[in-house]
Amino acid sequence: MERDAACQPLIAEVTLDGGDSLSIGLGREVSVLSYVAASGNPPYFSSQGSSWARDGNGVVFYYYGHWSEFPPSAAVPIEDAVQAVRYFCQHGGLSPQLQWVEV
């Protein structure tokens, strides 16, 4: 999957046994994260990047067969995003190291 992401930045989804899921953008220097509870109902949460990212262009990833653009405000460094996914897998919740916004 890593080689695919380098050629075509994509979204990968991690789903816990209970059904909660966290999506991560791969293949760029920045990433976006999106959380959906097992119910599939709101509230949904997205990563919130630093203020410098809010003035840039949108971030595009390939997601379920389509190109999807995410707001620049959702962009976080890829290293932080990977750590957030590790936290999600280990603790079953959103990492307190990132800011999250309800979408």
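- Identified under the ring pair (Phe, Tyr, Trp, His ring centres under 6.0 Å) test for residues 75-103, with sequence neighbours left out: Y87-H91.
- Here the side chains of P9 and F61 are in contact, with some heavy-atom distance below 4.5 Å.
- Although no hydrogens or angles enter the test, the distance criterion places no donor-acceptor pair under 3.5 Å between the side chain of T15 and the main chain of S21.
- The minimum heavy-atom distance linking G25 with S31 is given by the pair O-OG, 2.7 Å.
- V36 and F45 fall into different hydrophobic clusters, where Ile, Leu, Val, Met, Phe, Trp and Tyr side chains are chained together by heavy-atom contacts under 4.5 Å.
- When the side chain to side chain donor-acceptor pair (under 3.5 Å) test is applied to D80, no partner is found at least two apart in sequence or on another chain.
- Taking Q90 as the reference, nothing meets the side-chain contact (heavy atoms from CB on, under 4.5 Å) condition, with sequence neighbours excluded.
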Are F70 and V30 close enough, and set up right, to give a side-chain contact (heavy atoms from CB on, under 4.5 Å), and what steps lead you there?
CA-CA 11 Å; F70 297 84; V30 296; over 6 Å; no

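- Taking hydrophobic clusters as Ile, Leu, Val, Met, Phe, Trp and Tyr residues chained together by side-chain heavy-atom distances below 4.5 Å, V103 does not share a cluster with I11.
- Smallest separation of non-hydrogen atoms from G40 and Y44: O-OH, 2.7 Å.
- Qualifying side-chain contact (heavy atoms from CB on, under 4.5 Å) partners for Q83, counting only residues two or more places apart in sequence or in other chains: R86.
- In E29, the CD atom is not crowded: 12 or fewer heavy atoms of neighbouring residues, nucleotides or ligands sit closer than 6.0 Å.
- Note that OH of Y64 and CG of L10 are 12.0 Å apart. Values are rounded to the nearest 0.5 Å.
- For the pair R28 (side chain) and I78 (backbone), a donor-acceptor distance under 3.5 Å is absent.
- The two residues V59 and A75 make their nearest non-hydrogen contact at CG2-CB, 3.9 Å.
- In this structure, the side chain of S46 does not engage the main chain of S34 through any donor-acceptor pair within 3.5 Å.
- V85 meets the side-chain contact (heavy atoms from CB on, under 4.5 Å) test with V14, L22, I24, L33, C89; sequence neighbours excluded.
- Y35 pairs by the side chain to side chain donor-acceptor pair (under 3.5 Å) definition with D20, not counting sequence neighbours.
- Between S23 and E13, the closest heavy-atom pair is OG-OE1, 3.5 Å.
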